[in-house]
There are 2 protein chains.
Amino acid sequence: METDLHQAITASGLRMTRQRQVILDVLRQSHGHLDAEALHDRVRQQDPRISLATVYRTLALLKEFGLVQEHRLGEEHGHFEAAPQAPHYHFTCLKCRKVIEFQASSVQRVVREVAAKESVQITDVHLLLSGYCADCSREGVEGNHET
Amino acid sequence: METDLHQAITASGLRMTRQRQVILDVLRQSHGHLDAEALHDRVRQQDPRISLATVYRTLALLKEFGLVQEHRLGEEHGHFEAAPQAPHYHFTCLKCRKVIEFQASSVQRVVREVAAKESVQITDVHLLLSGYCADCSREGVEGNHET
DNA sequence: ATTGAGATTGAAAATAATTCTCAATATCAA
DNA sequence: TTGATATTGAGAATTATTTTCAATCTCAAT
């Protein structure tokens, strides 16, 4: 039950608890994105006593440590996933709501362009594309929006 | 008080109301991003009777018509702005929370790359970069995260 | 191993953001 | 002008998340 997280946590004067370990483990074993509720359900299978509040608290902590990232995939509640090895981005189908994760080497070019033009230092990139997946690709399309 | 919106709305069997017009007008006159509460405050200056529920309802409607876009700039509540002429994206400073809007021609390259590789049709692009602005650029940086 | 300071937890209440209910009102096609 | 019905305001309801606080657990120092 000793992990990289254990080191990082205790080095910060914090404490490694069973709850924190279980939550990170479940998150790492879960491919795709879970919202806090779904994560709580899975965590409970390992230990039924872990509360939803602890799930939220631990997610916030893991985010600070860079072990978890939160996404807002166009919805009103957050989705979380263990930090991936290689950066990747998301596409959401407006019709079937399917989420496709992808990598795109050209993103790095955008980062460089913006960092130079705006004189900023970029540490995080969230790219969310939406539209219609191959299966749903068809008629009812809307105008284009951007962020 | 006749507008493009009026045409679009009535053509859909819906009705153009004073409230809807005021909300869109305020949004268009407001540069930057307003959250629902801030928008409501400004709307009230035009007409104190307009309720927050109507602001939310109208925002949802305007989004459907592509006249407004919603962003989740790393916060738990949405921000809204009138749909811009040219697509643009956002950078948020992790320290001072300042939001910089920018355009980046290289984004189109990413869109093409992904559309081709994943066989999807892309209608919306949300790109949110974060890091440190020129002013805040300094020590305490974290690991890199991506979406 | 034991201890104790204080970090963490569960449970429930609190807050924040957004949506819904419903009776009253306003819009617009006829 | 009128009637069918879309829309509104007010507040209740819902959903997502955070906070409170007493009880419990962790870990560095015995």
Side-chain angles (χ1 to χ4, degrees), chain A residues 1-3 5-24 26-27 33-41 43-65 68-80, chain B residues 1-3 5-24 26-27 33-41 43-65 68-80:
Chain A
M1 195 149 287
E2 296 288 310
T3 66
L5 179 60
H6 198 305
Q7 325 298 316
I9 289 241
T10 57
S12 304
L14 303 178
R15 290 168 187 179
M16 172 52 63
T17 61
R18 182 177 31 79
Q19 290 91 332
R20 288 175 176 170
Q21 190 62 59
V22 169
I23 291 168
L24 180 59
V26 168
L27 216 31
H33 324 77
L34 299 178
D35 57 27
E37 201 82 49
L39 176 58
H40 185 218
D41 285 345
V43 160
R44 272 181 155 165
Q45 292 173 219
Q46 308 296 306
D47 181 340
R49 298 178 182 222
I50 297 179
S51 73
L52 182 56
T54 293
V55 169
Y56 274 110
R57 285 188 283 234
T58 301
L59 284 170
L61 183 77
L62 293 175
K63 273 200 292 179
E64 278 183 29
F65 279 83
V68 158
Q69 10 176 156
E70 175 174 7
H71 308 291
R72 296 270 175 169
L73 301 171
E75 320 229 325
E76 60 303 314
H77 59 287
H79 285 249
F80 305 83
Chain B
M1 197 146 288
E2 296 288 312
T3 67
L5 178 60
H6 197 306
Q7 325 299 316
I9 289 241
T10 56
S12 305
L14 303 178
R15 290 168 188 180
M16 171 52 63
T17 62
R18 179 175 36 77
Q19 291 90 332
R20 287 174 176 171
Q21 191 63 58
V22 169
I23 291 168
L24 180 58
V26 169
L27 216 33
H33 323 79
L34 298 178
D35 57 28
E37 202 82 48
L39 175 59
H40 184 217
D41 286 346
V43 160
R44 272 181 157 165
Q45 292 173 220
Q46 307 296 308
D47 182 339
R49 300 178 181 221
I50 297 180
S51 71
L52 181 56
T54 293
V55 169
Y56 274 110
R57 284 187 284 232
T58 302
L59 284 171
L61 183 77
L62 293 175
K63 274 199 292 178
E64 277 183 32
F65 279 84
V68 158
Q69 14 176 153
E70 176 174 7
H71 308 292
R72 296 269 174 170
L73 301 171
E75 319 229 326
E76 58 304 313
H77 59 285
H79 285 250
F80 305 83

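When atom types are taken as modelled, the side chain of A/T10 and the backbone of A/Q7 share a donor-acceptor pair closer than 3.5 angstrom. One N or O on the side chain of A/H40 and one on the backbone of A/I50 form a donor-acceptor pair closer than 3.5 Å. A side-chain donor-acceptor contact under 3.5 Å links B/R20 to the backbone of B/R15. No donor-acceptor distance shorter than 3.5 angstrom exists from the side chain of A/R72 to the backbone of B/H71, with no hydrogens or angles considered.
Contact annotation: A/R44 does not reach the phosphate of C/dG10 (side-chain N/O to OP1 or OP2, under 4.0 Å). Note on B/R20: a side-chain N or O is less than 4.0 Å away from OP1 or OP2 of D/dT7.
Straight-line distance from the CD1 atom of B/I9 to the P atom of D/dT7: 7 Å, rounded to whole Å. Distance CD (A/E64) to C1' (C/dA7): 14 Å, rounded to an integer number of Å. For the pair B/E70 CD and C/dT18 C1', the interatomic distance rounds to 10 Å; values are reported in whole Å. A straight line from CZ of A/R72 to C1' of C/dT18 spans 12 Å, rounded to a whole angstrom. In this structure, A/L24 places its CG atom 17 Å from C1' of C/dT8, rounding to the nearest Å. Atom-to-atom, CD1 of B/I23 to C1' of D/dT8 comes out at 11 Å; the value is rounded to the nearest Å. We find that NE2 of A/H77 is positioned 14 Å from C1' of D/dT14, with the value rounded to whole Å. In this entry the distance linking CZ of A/R49 with C1' of C/dA11 reads 13 Å, nearest Å.
Closest approach of B/E70 to B/G78, counting heavy atoms only: OE2-CA, 3.6 Å. Counting all heavy atoms, side chain and backbone alike, A/L52 lies closest to A/A36 at CD1-O, 3.9 Å.
Rounded to 10°, the angle separating the first-five-pair axis and the last-five-pair axis of the helix from C/dA1-D/dT30 to C/dA30-D/dT1 equals 40°.
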Report task. Take A/R57 and A/T54, measure what side chain to side chain contact (heavy atoms under 4.5 Å, CB included) needs, and give me the verdict at the end. Result -> CA-CA 5 Å; A/R57 285 188 283 234; A/T54 293; 3.5 Å; yes

Report summary line: The contact string for nucleotides 19-28 of chain C, one letter per nucleotide 5' to 3', using protein heavy atoms under 4.0 Å with B, S and - for base, sugar-phosphate only and none, comes out as BBB----BBS

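Using a 4.5 Å heavy-atom threshold, the side chains of A/Y56 and A/L61 count as separate. With contacts defined as side-chain heavy-atom distances shorter than 4.5 Å, the pair B/T58/B/T17 does not qualify.
Between B/G78 and A/G13, the residue whose closest nucleotide on DNA chain C is further toward the 5' end is A/G13.
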